[in-house]
Amino acid sequence: MKSSLLFMIFIITIDIYGLSSSLVNAQADSCSSNLSLSNSVPFDTASLHCLAVWDSQGFILRYLQTNNASIWSFVVSAPADTNSYIAIGFSTNGAMVGSSAMVGWVSSSSNGNVGMAKQYYLSGNSPNLVKPDQGSLQLVSNSATFISQNSILYMAFQLQTNQPESQLLYAVGPTGVFPSAPDYQLSEHRTMVSTSINYAAGQSASESLYTGLRRGHGILAMLGWGILMIIGTIVARYFKHKDPIWFYLHISLQSVGFILGVIGVICGFILNNHLNANVGTHKSIGIFILLLGCVQVMALLARPNKESKFRKYWNWYHQNVGRILIILAIVNIFYGINLTGTGHGWTAGYGVLLAVLFIITIVLEIRFWIRR
């Protein structure tokens with residue numbers, strides 16, 4: 001009798017769970033759903049391409065290049081139970097900073113189910129650096145619309161462009177917090193994702209797949225070019241009285257730094273091929289640093305002996321090329337951190353490390369001149 005009762009309870013529980021799941025799914029948009037926004041959106045939404053771009057938040061992106069080749073239509077949808085703003089950003093390099101975004105919301109004070117959609121320019125990480133009604137997106141006049149329909153949020157707009165950016169960001173704002181007049185300041189998102197899209201093939205991939213590779217690129221380049229190379233230079237200048245230990249230590253540090261730096265550059269090339277990010281300046285400086293490193297390695301093989309009259313010229317060349325390499329590496333590391341938009345943590349951490357190395361250099365330089 002007890003086992004039969006338990007079995008009945010189990011069946012009822014499964015039925016209730018199935019019913020609730022169906023209700024949830026009924027409230028979520030999908031690419032198999034019919035989009036009926038013709039009376040609410042000022043452009044045709046019948047033939048849009050559809051992609052599920054952020055499964056964990058239920059984001060769906062629909063888009064189409066219209067018959068007018070320079071006009072693109074977009075509709076972003078998300079579940080209305082987010083109770084927050086939703087946003088899509090167009091980035092040149094996959095980073096939030098420097099991107100332009102369309103943000104939409106329906107607040108409790110909105111008129112019915114019709115909300116507001118505005119463009120924002122993200123010039124920095126803090127809310128006061130997110131500027132409303134600014135950005136690089138060329139919106140078609142009166143095309144931006146935001147509505148809530150059947151428990152789904154829809155943000156529709158058209159862009160005048162020959163080719164939209166392929167690096168797209170999606171974000172969900174803090175629960176119950178919406179921009180409001182007069183400044184429409186945007187609060188920091190509670191979660192976001194960076195993706196890349198192939199408009200022609202209809203494919204979207206989360207760039208979180210490449211987060212480890214991006215982090216590895218940064219750490220290897222920072223450790224190789226921006227830390228070990230500096231320490232190796234310090235050893236060469238201030239510890240020559242510890243001959244020949246200083247030489248082998250110098251060679252070891254520079255060799256390990258060079259190898260790590262080369263691996264970091266390779267990771268950067270792989271990232272660039274996959275993400276097609278607009279990081280031309282960062283890439284060019286990185287390639288030049290790699291070339292300087294290769295020249296230094298080749299110069300080591302052609303090093304004259306101590307008695308040679310060319311040794312002083314070789315020393316001048318080797319030392320100054322090394323200094324140029326280190327200066328460019330430091331600049332490019334800070335520039336790369338800024339491109340990722342990862343905030344001030346990495347910048348501060350590397351800055352503190354450089355400050356420590358600089359203080360050590362000053363102390364050793366004073367001792368060097370006293371000893372001379």
Side-chain angles (χ1 to χ4, degrees), residues 89 91-99 122-126 129 165-169 171 188-189 191-196 205-234 253-294 296 322-358:
S91 174
T92 59
N93 55 20
M96 183 185 71
V97 175
S99 66
L122 289 73
S123 63
N125 290 303
S126 58
L129 295 177
E165 298 292 351
S166 61
Q167 309 296 312
L168 301 184
L169 314 170
E188 185 176 355
H189 55 265
T191 183
M192 68 162 290
V193 68
S194 178
T195 70
S196 61
S206 170
E207 291 185 11
S208 60
L209 297 173
Y210 306 109
T211 299
L213 188 60
R214 178 182 288 164
R215 186 178 293 115
H217 164 68
I219 291 174
L220 288 170
M222 184 184 296
L223 183 60
W225 302 120
I227 296 176
L228 291 180
M229 286 286 182
I230 297 175
I231 297 174
T233 303
I234 291 172
L253 287 167
Q254 303 303 75
S255 298
V256 174
F258 178 75
I259 292 170
L260 294 180
V262 169
I263 297 173
V265 171
I266 293 172
C267 291
F269 280 127
I270 295 172
L271 271 173
N272 188 247
N273 289 335
H274 280 289
L275 303 181
N276 195 29
N278 183 16
V279 291
T281 303
H282 180 65
K283 180 180 178 180
S284 299
I285 296 174
I287 292 173
F288 189 61
I289 290 169
L290 177 61
L291 291 176
L292 290 179
C294 292
Q296 288 287 73
R323 292 182 183 118
I324 294 171
L325 186 155
I326 289 172
I327 291 171
L328 288 176
I330 292 172
V331 170
N332 211 30
I333 288 167
F334 279 120
Y335 182 49
I337 293 172
N338 181 67
L339 285 175
T340 63
T342 52
H344 304 295
W346 284 90
T347 301
Y350 185 57
V352 168
L353 188 56
L354 286 181
V356 171
L357 291 174
F358 180 74

Straight-line distance of [X] [atom1] to [Y] [atom2], nearest 0.5 Å:
X	Y	atom1	atom2	answer
I227	L353	CD1	CG	4.5 Å
L260	I219	CG	CD1	11.5 Å
I263	F258	CD1	CZ	10.5 Å
Q254	Q296	CD	CD	8.5 Å
T195	Q167	OG1	CD	7.5 Å

Tell me every residue that passes side-chain contact (heavy atoms from CB on, under 4.5 Å) with [X], counting only those two or more places apart in sequence or in another chain.
X	value
A221	W225
I333	M222, I337, Y350
I230	I234, I326, I330, L354, L357

Check A171 against H189 and note the closest heavy-atom contact, atom names and distance. CB-CB, 4.0 Å
Heavy-atom closest contact (C267 atom, H217 atom, distance):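 C267 and H217 have their closest heavy atoms at CB-CB, 3.8 Å.
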Could you check whether any side-chain heavy atom of N332 comes within less than 4.5 Å of a side-chain heavy atom of H282, counting everything from C-beta outward? yes
Is there side-chain contact between L292 and L328, with at least one heavy-atom pair below 4.5 Å?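 A side-chain contact exists here, since the closest heavy-atom pair is under 4.5 Å.
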Apply the test side chain to side chain contact (heavy atoms under 4.5 Å, CB included) to residues E165 and T92: give CA-CA distance (whole Å), side-chain angles for both, the deciding distance (0.1 Å), then the verdict. CA-CA 6 Å; E165 298 292 351; T92 59; 3.5 Å; yes
Polar side-chain atom of S91 near backbone of S99 as donor-acceptor pair, under 3.5 Å: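 A pair under 3.5 Å: no.
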